[in-house]
Participant: 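Have a look at this one.
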There are 2 protein chains.
Amino acid sequence: MRNAIDCISVLLKIIWHICMLVKTELASTIQQTYKMDKKTSVTIHDIARELNISASTVSRALNNNPRISQATKDKIKALALKLGYQPNIIASNLRNQKTNTIGIVVPLINRHFFSTFISGVEDVAFEAGYNVIISQSNDLFEKEKQIVHSLFSNRVDGMIVSLSMQTQQFDHFQLFSKKNIPLVFFDRVAPQLDADKIIVDDFACGFKATQHLIDQGFKRIAHLAGPTALNTYKARMEGYRSALEKNNLPVNDELIIFNRLTRMDGQQAIKQLLALDTPPDAVFCGNDTSALSIIVYLKSIGIRVPEDFGIVGFSNEPFSEVVTPSISTIKQPAQEMGQKAAELLIFEIEHKENPRKYQTITMPTELIVRESSLRKS
Amino acid sequence: MRNAIDCISVLLKIIWHICMLVKTELASTIQQTYKMDKKTSVTIHDIARELNISASTVSRALNNNPRISQATKDKIKALALKLGYQPNIIASNLRNQKTNTIGIVVPLINRHFFSTFISGVEDVAFEAGYNVIISQSNDLFEKEKQIVHSLFSNRVDGMIVSLSMQTQQFDHFQLFSKKNIPLVFFDRVAPQLDADKIIVDDFACGFKATQHLIDQGFKRIAHLAGPTALNTYKARMEGYRSALEKNNLPVNDELIIFNRLTRMDGQQAIKQLLALDTPPDAVFCGNDTSALSIIVYLKSIGIRVPEDFGIVGFSNEPFSEVVTPSISTIKQPAQEMGQKAAELLIFEIEHKENPRKYQTITMPTELIVRESSLRKS
DNA sequence: CTGAAAGCGCTAACAC
DNA sequence: GTGTTAGCGCTTTCAG
């Protein structure tokens with residue numbers, strides 16, 4: 001018995017040693033791979049050594065510094081190409097205190113307005129030699145804060161932001177303003193923020209949409225408002241109210257419903273509205289999604305749009321054009337807004353002025369009249 | 001006369017000097033501003049000096065190195081907070097040869113599939129402490145090449161790519177494979193590429209869609225194919241052909257139309273198909289956009305969908321659900337694909353294996369049957 | 001026109 | 001536990 005146990009114990013020890021051997025073997029392989037990795041990365045020093053010149057000359061040549069003779073430039077560039085040299089931008093960034101990177105913070109990337117905006121930013125940024133790093137706040141204040149800190153630590157040269165739905169404080173942006181790093185807000189902005197802003201005139205849009213419904217002969221117009229903590233939804237609602245007043249129509253609070261404008265919200269809202277003693281005959285919705293769900297519901301209960309009920313949405317989502325009936329809506333120039341934001345930001349990055357003057361750029365919008373509101377040709 | 005000229009010359013000199021003075025003044029102001037900027041940026045050395053300890057201790061403390069006593073950690077962290085210390089990640093990146101950044105290359109950011117995919121990537125990346133930097137190739141080969149080089153120079157730790165429509169060569173990706181930087185392709189991939197891939201089974205999807213039309217009693221089924229240089233469109237078409245063959249239906253080349261699947265393309269294609277001697281009674285479209293335009297056209301000329309003509313699209317664009325008739329389509333799990341791609345990439349970044357084994361992950365798809373193809377309940 | 005040297009801010013091997 | 005020191009790869013004075 002004893003013997004057997006001893007035997008096993010010895011065996012185990014042997015196995016253990018084998019394991020250890022394998023492990024060190026593996027470790028050294030990894031080590032070697034690592035070294036190989038490093039060797040494949042050619043630096044300006046490698047080029048310098050090969051040509052018996054200094055690294056600074058190589059650096060200057062590759063940056064087209066006029067003080068270097070054409071001959072050496074050619075020599076250096078040729079070798080760089082041959083060796084497959086790729087500059088380490090991280091090192092350059094550290095030295096230059098500039099990353100050529102701009103950060104974007106949006107609530108959600110996969111919303112048509114935002115992704116189109118980002119596309120516009122990317123276009124301009126790429127042309128100007130900037131990278132774009134994006135993050136989504138998912139409409140959460142805490143995540144927005146984290147993102148902003150992270151982008152700061154990553155030393156972005158500037159940042160473009162649309163606020164989360166929950167954001168009411170703005171301390172986290174002071175990091176940027178204190179270090180004089182340009183900041184451009186768009187769409188969802190805060191009035192109390194001293195910064196550049198790219199917006200549309202949501203008030204005018206709300207007015208325009210409502211006036212259009214009035215012009216089409218609708219008499220009792222309701223409004224689906226988004227969270228009025230956000231400047232955009234608040235202004236749209238105020239535009240709506242103002243249009244009613246201007247036309248001497250009563251502003252009736254039971255006709256204004258506040259929610260988050262999801263499809264569910266839209267359906268609930270229209271049910272609630274139709275249950276009123278004197279229900280409305282039209283509604284201006286804070287977005288197209290809710291407008292859509294209202295159309296679907298009305299169709300399902302046999303109310304005709306626009307004959308019996310008029311609808312105007314907001315944002316010109318891709319589906320608005322193709323549903324039946326197609327949805328009248330307000331078109332925001334998302335791509336152009338992105339381009340403009342990027343242009344403005346990059347300009348400020350490259351021409352930092354002190355003291356700064358903040359601009360607010362209002363982009364043009366368009367009321368697109370489609371079937372859902374068109375009773376008169 | 002002479003006097004006058006002398007006078008002017010002296011005046012000019014004076015003005016010149018004033019200018020110079022102003023210039024130096026300005027320069028020093030700028031200098032000062034610069035220094036102020038620098039001073040506001042607190043580093044670990046500032047913390048170290050203040051506490052009479054070394055920078056390395058500070059570094060270790062902030063990174064929660066267990067070798068530092070809790071007491072000093074607390075002291076350091078408290079001061080860091082007080083001074084508003086923000087780590088310079090660029091410096092850390094350079095030193096660590098790691099950027100915690102992953103690059104994404106897509107044809108177009110503001111396409112629902114891609115932006116949703118990106119959103120999925122961002123979710124996972126953020127959780128794992130990675131930044132996401134995105135670029136769009138605009139379906140141009142040259143731009144794709146530039147982007148890939150730029151991302152490499154920016155030392156991304158890994159990259160996620162969907163190829164441009166024009167891409168036929170893949171040399172630009174060797175930068176990454178040579179340095180053993182993980183690379184994950186998705187959706188539009190190249191079979192000859194040795195890399196990880198996240199795809200759906202486009203062949204099976206094409207088959208499924210076509211089989212569904214057959215099951216619904218459609219007899220003569222056409223196909224709108226995208227550019228077959230892309231694996232996705234090619235496989236969809238092959239699935240279509242295979243389904244016909246399996247059901248002993250003839251594969252008729254005049255029923256297969258190749259284009260870029262825009263709305264225009266869709267309209268042209270359907271006209272062409274209806275002009276045939278024996279036109280089809282259904283079509284499987286390579287995407288939802290072309291399916292939509294066909295529906296619109298058929299409605300306009302009084303052909304009923306699905307009674308007279310069946311349609312299946314691809315991708316489950318948001319509008320597909322809400323148009324009338326709603327479009328039967330294939331749903332790709334874009335968000336999940338993005339999450340999976342990010343998980344895979346990050347895993348490979350953090351567990352670099354040598355030699356690498358490349359995986360191809362096929363994500364599940366779903367045929368969503370809606371009105372445009374449903375003749376039998 | 002080119003080189004030497006210092007340093008961007010952080011980390012980690014090595015020493016004590 | 002903490003300090004010393006040496007870089008990561010690049011740019012940029014300053015000096016010749």
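Per chain, numbering begins at 1; letters A, B, ... match sequence-line order.
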Participant: Quick check: on DNA chain D, is the nucleotide nearest Ile53(B) upstream (toward 5') of the one nearest Leu94(B), or the reverse? Name the residue that is more 5'.
Facilitator: Ile53(B)
Participant: When the ring planes of Phe186(B) and Phe117(B) are compared, do they come out parallel, tilted or perpendicular, using 30° and 60° as the limits?
Facilitator: parallel
Participant: Measure the distance from NZ on Lys75(A) to C1' on dT2(C) and round it to the nearest whole Å.
Facilitator: 11 Å
Participant: Looking at Glu144(A), Arg188(A), Lys145(A), which one forms a side-chain hydrogen bond (donor to acceptor under 3.5 Å, both in side chains) with Thr167(A)?
Facilitator: Glu144(A)
Participant: Indicate, with a heavy-atom threshold strictly under 4.0 Å, whether Asn63(B) touches base, sugar-phosphate, or nothing.
Facilitator: sugar-phosphate
Participant: If you count the non-hydrogen atoms of other residues, nucleotides and ligands that lie under 6.0 Å from NZ in Lys98(A), is the total more than 12?
Facilitator: yes
Participant: dT2(C), OP1 or OP2 - any side-chain N/O from Thr72(A) closer than 4.0 Å?
Facilitator: yes
Participant: So, is Ser59(B) near the phosphate of dA12(C), with a side-chain N or O under 4.0 Å from OP1 or OP2?
Facilitator: no
Participant: Using a 4.0 Å heavy-atom cut-off across all strands, classify Thr43(A) as base, sugar-phosphate, or nothing.
Facilitator: sugar-phosphate
Participant: What is the distance, rounded to the nearest whole Å, between atom CD1 of Ile68(B) and atom P of dG1(D)?
Facilitator: 9 Å
Participant: Does a side-chain N or O from Gln97(A) land closer than 4.0 Å to OP1 or OP2 of dG9(C), or not?
Facilitator: yes
Participant: Of all the nucleotides listed (dA15(C), dC10(C), dT2(C)), which has the minimum atom distance to the side chain of His45(B)?
Facilitator: dC10(C)
Participant: For dC10(C), does OP1 or OP2 lie under 4.0 Å from any side-chain N or O of Tyr85(B)?
Facilitator: yes
Participant: Would you mind reading off the distance between Asn93(A) atom CG and dT11(D) atom P, rounded to a whole angstrom?
Facilitator: 10 Å
Participant: Rounded off to whole Å, could you give me the CZ-to-C1' distance for the Arg49(A) and dC10(D) pair?
Facilitator: 15 Å
Participant: Have a look at Ser56(A) and say if it touches a base, only the backbone sugar-phosphate, or nothing, with a 4.0 Å heavy-atom cut-off.
Facilitator: base
Participant: What contact category does Ser92(A) fall into here, base, sugar-phosphate, or nothing, at under 4.0 angstrom with non-hydrogen atoms?
Facilitator: sugar-phosphate
Participant: Nearest-nucleotide wise, let me know which of Pro66(A) and Arg95(B) is further upstream toward the 5' end of DNA chain C.
Facilitator: Pro66(A)
Participant: Separation of Ile47(B) atom CD1 from dT2(D) atom C1', in whole Å?
Facilitator: 16 Å
Participant: Between Gln70(A) and dC1(C), is there a contact of a side-chain N or O with OP1 or OP2 at under 4.0 Å?
Facilitator: no
Participant: Counting only side-chain nitrogens and oxygens, does Thr57(B) get under 4.0 Å of the OP1 or OP2 atom of dG3(D)?
Facilitator: yes
Participant: Could you tell me whether His149(A) and Phe176(A) have their ring centroids closer than 6.0 angstrom?
Facilitator: no
Participant: Using heavy-atom distances to pick each residue's nearest nucleotide on DNA chain D, tell me which of Arg60(B) and Asn96(B) is more 5'.
Facilitator: Arg60(B)
Participant: Do Asn100(A) and Asn131(A) get their side chains close enough for a donor-acceptor pair, meaning under 3.5 Å?
Facilitator: no
Participant: Rounded to the nearest angstrom, tell me the gap between atom CZ in Arg155(B) and atom P in dG9(D).
Facilitator: 8 Å
Participant: Could you tell me how far apart Arg67(B) (CZ) and dT2(D) (P) are, to the nearest whole angstrom?
Facilitator: 10 Å
Participant: In the structure I gave you, are the side-chain heavy atoms of Ile109(B) and Phe114(B) within less than 4.5 Å of one another anywhere?
Facilitator: no
Participant: Would you indicate what Ile89(B) reaches in the nucleic acid, counting non-hydrogen atoms under 4.0 angstrom: base, sugar-phosphate, or nothing?
Facilitator: nothing
Participant: Nearest-Å distance, CD1 (Ile44(A)) to P (dT2(C))?
Facilitator: 15 Å
